[in-house]
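Data first, discussion second: the structure below is written as structure tokens.
Order of the sequence lines fixes the chain letters, A, B, ..., with proteins taken first and strands second; residue numbering starts at 1 for each chain.
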Number of protein chains: 2
Amino acid sequence: MVENDKQTEKKIFEAATEVFMEKGMDGARMQDIANRAGINKSLLHYYYRTKDRLFNEVFEMIFGHMLKKFAPVFDADLTLEEKIRFFFREHITFLQKNPRLASFVLHEINRNPERVRNFIGRIDIGRLWTDIEAQHKDELKKSNIRREDIPQLMTSIAAMSVFPFAARVLVKSILEKMGYDFDDYIEKRKEYAAEFVIGAIRKEKGIREKA
Amino acid sequence: MVENDKQTEKKIFEAATEVFMEKGMDGARMQDIANRAGINKSLLHYYYRTKDRLFNEVFEMIFGHMLKKFAPVFDADLTLEEKIRFFFREHITFLQKNPRLASFVLHEINRNPERVRNFIGRIDIGRLWTDIEAQHKDELKKSNIRREDIPQLMTSIAAMSVFPFAARVLVKSILEKMGYDFDDYIEKRKEYAAEFVIGAIRKEKGIREKA
DNA sequence: ATATGGTTTAACTAATTGGCCAAATATAAA
DNA sequence: TTTATATTTGGCCAATTAGTTAAACCATAT
């Protein structure tokens with residue numbers, strides 16, 4: 001039954017995604033995945049030959065999904081400030097729905113740098129980069145953001161969004177000990193992060209002008 | 001020979017630190033650790049009964065070391081802005097010397113939340129918190145930073161420093177594809193991050209005033 | 001010298017785990 | 001119904017790996 005085939009393969013993939021996200025490649029057990037999918041362990045090898053292949057498919061899907069979340073920012077026809085607000089709203093909401101994703105990706109990226117270089121190699125980052133530059137030329141100039149500062153700015157934006165989830169357990173522990181609620185903190189962060197970054201780059205002007 | 005004992009135990013501990021940082025608890029192999037220490041695998045069990053015990057000692061040392069790096073910020077008799085500059089200079093330099101530390105800690109934290117809660121429970125965060133608040137009461141007021149914004153600010157500062165290392169392989173890949181040098185980027189980040197945060201909190205005033 | 005203590009090693013064990021295979025079962029086609 | 005094909009299963013194997021044990025080693029004190 002073709003209907004059921006897809007069902008099984010999908011069930012396996014979803015179970016694998018869950019287990020890999022929780023335990024990482026090294027910590028994950030094929031038996032766990034089979035159990036969670038409610039099928040026999042041999043079926044895993046029937047659909048996905050090896051643990052490596054299964055993991056690769058899961059990772060590429062997740063990593064691709066994550067990178068794709070950055071895309072609208074490059075495309076949208078918005079001012080720089082609007083884009084920043086838009087990004088944080090969308091991206092933090094995305095990570096909110098996938099709380100283990102950040103930590104998983106960061107770990108697996110580090111475990112296998114080759115895969116990342118491969119992935120990056122397939123993307124035309126140069127185009128995205130120059131697009132952003134061209135699109136916001138005036139605004140960047142107005143804020144005195146030099147070409148060489150763009151990497152700093154980009155990673156700062158990513159950091160503001162990703163870190164609270166990557167360090168989730170630690171941040172949550174500390175916040176709760178201080179009487180704050182993590183979910184509330186995250187909800188507020190969507191706006192806070194945007195204003196934080198906008199404030200920072202507005203300020204850049206002052207700094208550069210003084211120099 | 002007592003001298004040699006310490007030597008061996010230390011050698012094991014250092015080798016274990018290296019391997020665990022590279023592979024994580026699940027990916028690390030006792031044999032690898034023994035090889036890197038240049039000794040027999042049984043010796044590992046002689047000095048540290050089990051893999052878990054060995055890992056725990058390594059983790060507690062690293063995690064403690066990492067948290068300790070935040071301490072001078074709380075103690076130093078500096079203005080808020082000076083503290084921010086001081087922190088980024090010190091902390092980024094620290095991570096520069098231990099490039100795998102961030103990713104390792106973030107992964108292991110997530111793998112075993114209980115350990116973190118335990119660790120946090122042992123620290124009097126409340127005191128540090130109120131100290132900071134009291135110490136910089138005027139400056140925080142001047143920048144219109146409310147009590148409830150402190151978690152946002154703190155995590156933002158941590159994020160700016162930690163993220164480039166946690167996502168090291170990814171950031172490095174992208175930067176190098178764009179013709180930038182990662183080490184150079186990190187070196188510049190020590191100042192950039194400080195000015196970025198200072199700019200952001202200076203701006204907070206404007207935001208709050210408008211509202 | 002030799003007895004004593006801790007240290008180091010080689011060989012081994014038990015358990016886990018990824019992967020394989022052959023039989024069984026279901027599905028669709030003739 | 002019969003045949004062919006795809007799916008699912010249980011049982012198995014070989015490799016890996018954390019941990020054990022008993023013997024060898026070595027420094028020091030008597």
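- Counting heavy atoms from C-beta on, the side chains of B/Glu108 and B/Arg111 come closer than 4.5 Å.
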Between N or O atoms, less than 3.5 Å apart, protein on one side and nucleotides 9-12 of chain D on the other: list the pairs.
{"unit_1": "D/dT9", "atom_1": "OP2", "unit_2": "A/Asn40", "atom_2": "N", "d": "3.2"}
{"unit_1": "D/dG10", "atom_1": "OP2", "unit_2": "A/Asn40", "atom_2": "ND2", "d": "3.0"}
{"unit_1": "D/dG10", "atom_1": "N7", "unit_2": "A/Asn40", "atom_2": "ND2", "d": "3.3"}
{"unit_1": "D/dG10", "atom_1": "O6", "unit_2": "A/Ser42", "atom_2": "OG", "d": "2.4"}

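- No salt bridge links A/Lys188 with A/Glu191; every basic N to acidic carboxylate O contact stays at or beyond 4.0 Å.
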**Q.** Pairing pattern in dot-bracket form [Watson-Crick, G-U; both distances under 3.5 Å; | = partner strand] for DNA chain C
**A.** ||||||||||||||||||||||||||||||
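- Using a 4.0 Å heavy-atom criterion, one finds that B/Ala28 contacts the sugar-phosphate atoms exclusively.
- Side-chain contact between B/Glu22 and B/Arg36: present, with at least one pair of heavy atoms (C-beta onward) separated by less than 4.5 Å.
- Remark: B/Arg115 is not positioned above the aromatic ring of B/Phe119, lacking an NZ or CZ atom under 6.0 angstrom from the ring centre and at most 45 degrees off the axis.
- Ring geometry, B/Phe104 versus B/Phe55: the interplanar angle exceeds 60°, so the pair is classed perpendicular (tilted spans 30 to 60°).
- Atom pair A/Asp26:CG and C/dG18:C1' shows a separation of 14 Å (rounding to whole Å applied).
- Regarding contacts with the backbone of D/dT16, every side-chain N or O of B/Arg29 stays at 4.0 angstrom or more from both OP1 and OP2.
- Every pair tested for ring-ring contact (aromatic ring centres under 6.0 Å, His included) that includes a residue from residues 156-178 of chain B fails, sequence neighbours excluded, so the list is empty.
- Residues of residues 48-60 of chain A that place a heavy atom closer than 4.0 Å to DNA chain D do not occur.
- Going from atom NE2 of B/His45 over to atom C1' of D/dA18 covers 5 Å, rounded to whole Å.
- The CD-C1' distance, from A/Gln7 to D/dA6, rounds to 17 Å in whole Å.
- Judged as a ring pair (Phe, Tyr, Trp, His ring centres under 6.0 Å), and not counting sequence neighbours, B/Tyr46 has no contacts.
- Straight-line distance from the NZ atom of B/Lys11 to the C1' atom of C/dT8: 11 Å, rounded to whole Å.
- Note that A/Arg89 lies outside the cation-pi zone of A/Phe86, set by a 6.0 Å cut-off to the ring centre and a 45° limit from the axis.
- Side-chain contact annotation: A/Asn35 with A/Gln31, donor-acceptor N/O pair under 3.5 Å present.
- Ring-plane geometry between B/Phe182 and B/Tyr185 is classed as tilted, the angle between the planes lying from 30 to 60 degrees on a 0 to 90 degree scale.
- Taking A/Arg100 as the reference, nothing meets the salt bridge (Lys or Arg N to Asp or Glu O under 4.0 Å) condition, with sequence neighbours excluded.
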